[in-house]
Protein chains: 2
Amino acid sequence: MPDNEKSARAKTTDLSAQIAKSIRDAILSGDLSADERLPSEAELAEQFSVSRPTVREALKRLAAQSLIRTERGAFGGAFVRRLSYKEAQAQNVTASTLLLTINDIRFDVACEARFAMERACIALAAQRRDATHLAAMRAEIDRQKDPTLTDEDFCASDVALHRALVDGAGNPVLSYHLAGSVEAMQPLMNMITFSTRSRSRIVALHTALTDALEAADAMAAESALDALQSYTLELGRDALAKRAAAGR
Amino acid sequence: MPDNEKSARAKTTDLSAQIAKSIRDAILSGDLSADERLPSEAELAEQFSVSRPTVREALKRLAAQSLIRTERGAFGGAFVRRLSYKEAQAQNVTASTLLLTINDIRFDVACEARFAMERACIALAAQRRDATHLAAMRAEIDRQKDPTLTDEDFCASDVALHRALVDGAGNPVLSYHLAGSVEAMQPLMNMITFSTRSRSRIVALHTALTDALEAADAMAAESALDALQSYTLELGRDALAKRAAAGR
DNA sequence: GACATTTAAATGCCAGACAATTAAGTGACA
DNA sequence: TGTCACTTAATTGTCTGGCATTTAAATGTC
């Protein structure tokens, strides 16, 4: 009697997966709202006619998706989690990174996607960026001038600059989506070794970009971004060629 | 002795979370590669000095993130999962939708983000779209002309058209990122009731957009998109006003 | 009234067992 | 020799029952 509408060929999914889905749907549909407490594990076990370990597996699944949080002690339990932008961005970043690394995406494809999306917010950033964003960008540029910086740190600073740019658009949804795109590039960028010459070239382009934003000159900012894209692609090609020459 | 480097105030995370993290890191770092089999639950339990239920909770966490899949039977077990674009997109969509609904984002903010990102791939789509994409877009336009379509179906068709546009850019990474942005708008769009007049207006704009892409005219496509954005915003404002007038 | 103590309700974790599933091995029979 | 049924072993899925730990509230004590 428990399996009513799965007559077709439901592949007999795990009970814990079914229960997780059931609760997830309740959250998504709004039947359970943020910070609301779920029944205790024992109660859920009874409701779904399964054992407590099975319920626990289901709850862990939901916890892994940041849909719930659990607290111990009396009056503890599982609570529907209010997903913050920050956490959502972090998750987006890991998911995007995973996709890019596990499917070994070509550098130029990822690069094209990233710059295309960044171009999407340049006009808005030119209008709306405030002193904080500009200062953050300039601070990163200063860091990038430090010749003792490792390539990895240089890369990280590059990412930070671009994230400041994205935030300058003043649209949190846009920031959320772009964070994944920008950060996920970092592992790929880390293939590149930055010479002194290429670093100063990048710093110059970053400066031009920041100046353009400060001047609210969207056109200039866009061409700086274009130049940055072609140069990044060039560096990527070189790195790839060097790798190939070195015998994989 | 088990808590060495968590001296600070590690909030004593769950064992299952720690184990999940440990395995996740191994996957992310490439120590475990796609389709590789993890040790059995019993072996993992021994390795980590925990019980099997605890290991299982950890594995369910990973399964919830699509990092592993499990098979039953002899020579079954947990396998590192090769994340496909399709699945990744689906996850991205649910995550984005959740973020937008749970934090009740303002319509105009989400709308701005979506159109900004879509504008990012218009130039590429104008260059690279092939007959398939154009046909898909025209098919959706035809559907949208059907007056018996419910508002929800009209909305779904709108989303389908835009996804075809995005795919026309021929960059899977871009498609991945934009899928979340475009689809997550659907619940918000469903607030809107489409009059006959607004439907025909939208169809006209969609047609102009598709024509421009077919003619590889990026400029024209961009202005069609701009017009679509302002009209969508207008409809959103109306819907919101009507709601407010109806007493919430 | 403030502080210490107890208590109850949860989650966290474990041990051991049995059921279900699946691929590989084994053997009988044509 | 080849094929089909059967057995076997490994592994995940699930259950039962229990103990440890944590936490807030209730209770008691000074």
Side-chain angles (χ1 to χ4, degrees), chain A residues 1-3 6-23 27 32 35-81, chain B residues 1-3 6 8-24 27 32 35-81:
Chain A
M1 206 94 60
D3 28 17
K6 62 168 179 175
S7 52
R9 44 167 308 291
K11 185 66 186 276
T12 57
T13 24
D14 288 350
L15 281 181
S16 69
Q18 289 176 248
I19 293 167
K21 176 168 171 23
S22 172
I23 299 176
I27 296 175
L32 293 166
D35 292 323
E36 194 172 333
R37 182 178 174 279
L38 273 65
S40 73
E41 295 176 352
E43 286 169 320
L44 286 172
E46 202 176 2
Q47 279 183 31
F48 288 101
S49 312
V50 296
S51 66
R52 195 157 81 91
T54 303
V55 167
R56 280 181 63 77
E57 286 178 9
L59 292 179
K60 296 311 171 195
R61 294 181 115 109
L62 298 176
Q65 299 183 304
S66 303
L67 286 176
I68 60 169
R69 102 192 97 86
T70 57
E71 285 169 21
R72 297 181 65 169
F75 293 75
F79 297 84
V80 178
R81 193 161 163 178
Chain B
M1 206 96 57
D3 26 19
K6 62 169 177 175
R9 45 167 309 291
K11 188 64 188 278
T12 56
T13 27
D14 290 349
L15 280 181
S16 69
Q18 288 178 31
I19 292 166
K21 175 168 171 21
S22 171
I23 298 176
R24 181 167 31 238
I27 295 175
L32 292 166
D35 292 324
E36 195 172 332
R37 182 180 175 279
L38 273 65
S40 73
E41 294 176 353
E43 285 170 321
L44 287 172
E46 202 176 359
Q47 279 182 32
F48 288 101
S49 313
V50 297
S51 67
R52 197 158 81 90
T54 304
V55 166
R56 281 181 63 78
E57 287 177 9
L59 292 179
K60 295 312 170 196
R61 295 181 115 109
L62 298 176
Q65 299 182 305
S66 305
L67 285 176
I68 60 168
R69 101 193 98 85
T70 56
E71 286 170 20
R72 297 181 65 169
F75 292 75
F79 297 84
V80 177
R81 194 162 164 179

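Per chain, numbering begins at 1; letters A, B, ... match sequence-line order.
A side-chain donor-acceptor contact under 3.5 Å links A/Arg37 to the backbone of A/Gly76. In terms of modelled atom types and a separation under 3.5 Å, the side chain of B/Glu57 and the main chain of B/Thr54 share no donor-acceptor contact. Checked by atom type and distance alone, the side chain of A/Glu43 pairs as donor or acceptor with a backbone atom of A/Ser40 at under 3.5 Å.
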Apply side chain to side chain contact (heavy atoms under 4.5 Å, CB included) to residues A/Phe79 and A/Glu36 and explain how you reach the verdict. CA-CA 5 Å; A/Phe79 297 84; A/Glu36 194 172 333; over 6 Å; no
Quick one, B/Ile19 with B/Phe48, criterion side chain to side chain contact (heavy atoms under 4.5 Å, CB included). Give me CA distance, side-chain angles, the key distance, then yes/no. CA-CA 8 Å; B/Ile19 292 166; B/Phe48 288 101; 3.9 Å; yes
Just do the side chain to side chain contact (heavy atoms under 4.5 Å, CB included) check on B/Leu44 and B/Arg52 with the steps written out, would you? CA-CA 8 Å; B/Leu44 287 172; B/Arg52 197 158 81 90; over 6 Å; no
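The distance from atom CG of B/Leu44 to atom P of D/dG13 is 13 Å, rounded to the nearest whole Å. One atom, CZ of A/Phe79, and another, C1' of D/dA24, lie 12 Å apart when rounded to the nearest Å.
Of all heavy-atom pairs between B/Arg61 and B/Ser16, the closest is NH1-OG, 2.6 Å. Minimum heavy-atom separation, A/Ile27 to A/Ile68: CD1-CG2, 4.1 Å.
Near DNA chain C, meaning a heavy atom under 4.0 Å from it, residues 61-69 of chain B has no residue at all.
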Would you give a per-nucleotide map of nucleotides 10-15 of chain C, 5' to 3', where B means the base has a protein non-hydrogen atom under 4.0 Å away, S means only the sugar-phosphate does, and - means neither? SBBBBS
